[in-house]
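Proteins get letters first, then strands, A, B, ... in listed order; numbering begins at 1 in each.
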Amino acid sequence: MDLVEESPYRFRIDRHDPMRVPGVVFASRSLLPDAGADKSLEQVANVATLPGIVDASYAMPDVHWGYGFPIGGVAATDVEQDGVVSPGGVGFDISCGVRLLAADLDRTELDGRLEPLMDGLGAATPRGMGKGAVWHLSKDSELDAVLRGGSRYAVERGFGVERDLVRCEDYGAVDDANPAQVSERAVERGARQVGSLGSGNHFLEVQAVEEVYDDRVATAFGLRPGQVCVMIHSGSRGLGHQICTDYVRGMAKVMTRHGIHVPDRQLACAPVSSHEGRAYLGAMAAAANYARANRQLLAAAARKVFERETGRGLDLVYDISHNLAKIETHDVDGARRSLCVHRKGATRALPPGHPDLPDDLRDVGQPVLIPGSMGTGSYVLTGVPGAPAFASTCHGAGRVQSRKQAVKAERGQDPRRQLAAQDIAVRGASRRGLAEEMPAAYKDVSAVVEAAEGAGLCRRVARLVPVGVVKG
DNA sequence: ATGTGC
């Protein structure tokens with residue numbers, strides 16, 4: 001793959017047939033994926049062939065190999081120019097994302113209280129593959145309400161406060177969810193998992209604000225140095241997974257009928273305006289609401305424990321997803337266009353002044369939540385005006401080792417002890433699960449964030465360090 | 001990521 005270095009944090013893959021637009025990779029030289037081990041830059045070029053794609057096929061600094069689209073990929077298609085939507089451009093974990101809550105508590109006040117707090121959070125957080133959930137739904141109609149109402153419905157039912165919704169992307173729910181387009185199988189898988197963490201890189205962490213880069217913005221977000229926070233990283237569990245599976249299969253069948261040819265079967269797609277495209281977007285929006293309700297419920301469970309163990313509450317800083325497609329309006333060559341923006345392992349980063357921001361964030365921009373790899377650190381960023389890539393930035397550290405490679409690399413070592421040696425209390429997670437998530441399996445999140453800022457995609461606001469972690 | 005994959 002030939003890369004042209006355009007500027008220190010920006011590389012271009014020149015357009016060549018059948019690409020419709022160039023590829024653009026935001027990264028430092030050392031963050032670029034190893035072409036021998038990772039085909040993600042070929043995937044960036046493949047995405048550039050999709051009908052209706054505008055500007056470029058973008059990759060964030062944490063880019064790595066994924067299903068069809070790279071993880072860390074951003075692609076926008078023009079809805080009125082036969083632009084397509086592709087389930088692979090969202091990913092299997094639809095609306096996987098991060099929620100950050102902040103306590104009116106300094107980390108020094110956790111002395112002597114951490115172990116019972118972590119025990120409580122571990123016990124209150126359903127996790128791992130399969131069963132266990134905060135919420136046991138009474139009937140199918142209640143799942144329907146979750147799929148339509150997201151965090152709004154959870155708050156309505158007492159799992160949170162109205163103020164939470166102001167600090168949620170889309171005020172807690174997207175309004176174009178269509179539960180009728182969600183298969184019976186997806187409903188069955190999802191019904192028993194509302195309010196559950198999952199496994200893999202999903203986690204609930206107690207963190208402390210280690211460093212503030214911008215006092216004014218951090219204050220507006222509700223963050224200060226030394227403050228204790230809770231970060232929740234989770235998604236749409238089996239429901240989103242099943243929806244992705246269903247629609248990849250369905251679209252693959254009708255692609256030729258729509259005259260679409262792609263270089264990789266995993267790029268199955270359909271025009272946004274087609275029956276299949278609209279059905280997927282309706283089902284995807286339902287999964288997006290499910291994921292938000294899921295994080296709202298996990299937060300409600302964590303709040304209960306936090307209040308019991310520390311006597312303090314938790315205020316929502318923000319909830320944002322990093323696996324989603326959205327119909328948004330953007331300037332393209334000087335004209336306002338309706339675009340289907342796919343962000344897969346990429347986070348929306350609205351700049352200050354954006355009309356979709358709530359009043360109390362209007363002057364500072366949207367909080368962008370970046371979970372680091374286990375035992376390292378996480379970042380809070382904000383959007384910047386005039387950024388490229390449709391107001392998007394990175395989503396995390398990004399894998400450099402497959403799960404299998406990571407397990408092999410940990411052979412003969414004790415991941416739990418390695419974390420304990422760093423004074424990080426761990427609850428849950430199998431030995432294998434921990435081995436798969438060790439920092440060595442990931443890029444350095446600080447280098448990723450530095451590259452994202454250097455590329456003009458976002459700005460750093462604060463860095464958080466882990467104190468205790470609950471894993472699936 | 002996932003009622004896990006070689």
Rounding to an integer number of Å, can you tell me how far [X] [atom1] sits from [N] [atom2]?
| X | N | atom1 | atom2 | answer |
| --- | --- | --- | --- | --- |
| A/F92 | B/dT4 | CZ | C1' | 12 Å |
| A/E436 | B/dC6 | CD | C1' | 14 Å |
| A/N323 | B/dT2 | CG | P | 11 Å |
| A/M129 | B/dT4 | CE | C1' | 5 Å |
| A/H241 | B/dT4 | NE2 | C1' | 8 Å |
| A/R249 | B/dT2 | CZ | P | 18 Å |
| A/Y247 | B/dT2 | OH | C1' | 19 Å |
| A/Y67 | B/dT4 | OH | P | 18 Å |

Are OP1 or OP2 of B/dT2 and a side-chain N or O of A/R237 less than 4.0 angstrom apart?
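So the side chain of A/R237 is within the cut-off, an N or O lying under 4.0 Å from OP1 or OP2 of B/dT2.
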Would you say A/S199 places a side-chain N or O within less than 4.0 Å of OP1 or OP2 belonging to B/dT2?
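Affirmative; the distance criterion is met.
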Is the A/H233 ring parallel, tilted or perpendicular to the A/F203 ring (thresholds 30°, 60°)?
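Correct class here is perpendicular.
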Identify, with sequence neighbours excluded, every residue that meets side-chain hydrogen bond (donor to acceptor under 3.5 Å, both in side chains) alongside A/Y379.
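By the side-chain hydrogen bond (donor to acceptor under 3.5 Å, both in side chains) rule, A/Y379 matches A/S446.
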Does [X] reach a base, just sugar-phosphate, or nothing at all? Heavy atoms under 4.0 Å.
| X | result |
| --- | --- |
| A/G198 | sugar-phosphate |
| A/R185 | base |
| A/E437 | sugar-phosphate |
| A/G235 | nothing |

Within 6.0 Å of CZ in A/R416, more than 12 heavy atoms from elsewhere
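Result for CZ/A/R416: enclosed.
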Lys/Arg-Asp/Glu bridge criterion (N-O < 4.0 Å) met for A/R292, A/D319:
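Not counted as a salt bridge, because no side-chain N and carboxylate O are separated by less than 4.0 Å.
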Sub-4.5 Å side-chain heavy-atom contact between A/S402 and A/Q405
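With C-beta onward as the side chain, the pair touches.
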